[in-house]
Amino acid sequence: MTSRHCLVIEDDQDIRDLLCMILTGMGFVVHAETTGTAGLRAAGTLDLALITLDLGLPDLSGLDAARGLRTLSKAPILMITAWAEPGDEIDGMAAGADAYLAKPFRPHMLRELVQRLCPPEHHDAPPSRAEDTATGSPA
Ligand code: CA
C-alpha cells in the first residue's frame with residue numbers, strides 16, 4: 001500500500017503540531033507549511049490525498065488560498081478556522097473547501113472528517129463530493 005500524502009497549511013505552531021500528530025497517526029505522510037504561498041507551492045509539486053487549510057494565514061486570505069489550491073490539486077480541502085461566523089463556512093465551501101472545522105476542535109472530530117473525506121479503503125475512487133456537500137451533516 002502506497003503512502004498517502006497530506007498537506008497541512010497552518011501558521012499556528014500548536015495547531016500545526018496537533019494536526020501533524022493526528023494525521024501522522026492516521027497513516028498520512030504529512031507536509032506542513034506555515035503560509036499560503038508556501039502551501040500553494042507545495043500543492044503544485046506533491047501528489048496529495050488531503051489538504052488542511054487554516055483560513056487565518058499571514059500572507060494570503062484563506063479563501064484565496066482555497067481557490068488557488070483547487071486549481072492545483074484534486075485533493076479534498078478541509079478548512080480549519082477560528083472564525084465562528086456562519087457565513088465563513090458558506091464562503092469556504094464556495095471557494096472550494098470540501099469540509100469545514102472550527103477551532104477549537106476535538107481530535108476525534110478531525111479524524112471523523114478526514115475519514116469521510118478520504119476513506120482508507122478506497123484506493124483511487126473519487127469521493128462523491130457533490131452529494132456529500134449537498135446533503136450536509138445528517139445529524
Ligand atoms: Ca492562523
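Since the structure is predicted, the reported quantities are computational estimates derived from the model, not experimental observations. Atoms within a ligand are numbered from 1 in the order they appear, just like the ligands themselves.
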Practice task
Taking side-chain hydrogen bond (donor to acceptor under 3.5 Å, both in side chains) as the test, write out the residues that go with D47, two or more places apart.
Solution key: none

Give a yes/no answer: is there an N/O/S atom of [X] under 3.0 Å from the Ca ion (ligand 1)?
X	answer
E10	no
G56	yes
D54	yes

Let me check something: any side-chain donor-acceptor pairs from residues 15-32 under 3.5 Å, sequence neighbours excluded? List them with distances.
unit_1: R16; atom_1: NH1; unit_2: E10; atom_2: O; d: 3.1
unit_1: T24; atom_1: OG1; unit_2: C20; atom_2: O; d: 2.6
unit_1: H31; atom_1: NE2; unit_2: H5; atom_2: ND1; d: 2.8

Exercise for the section: Specify which N/O/S atom of D11 comes nearest to the Ca ion (ligand 1), by atom name. Expected result: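 That would be atom OD1.
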
Practice task
Check whether any side-chain heavy atom of T71 sits under 4.5 Å from a side-chain heavy atom of L69, and report yes or no.
Solution key: no

Handout entry: Option among L117, L53, L48 that satisfies the side-chain contact (heavy atoms from CB on, under 4.5 Å) test with I77
Key =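 The passing option is L53.
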
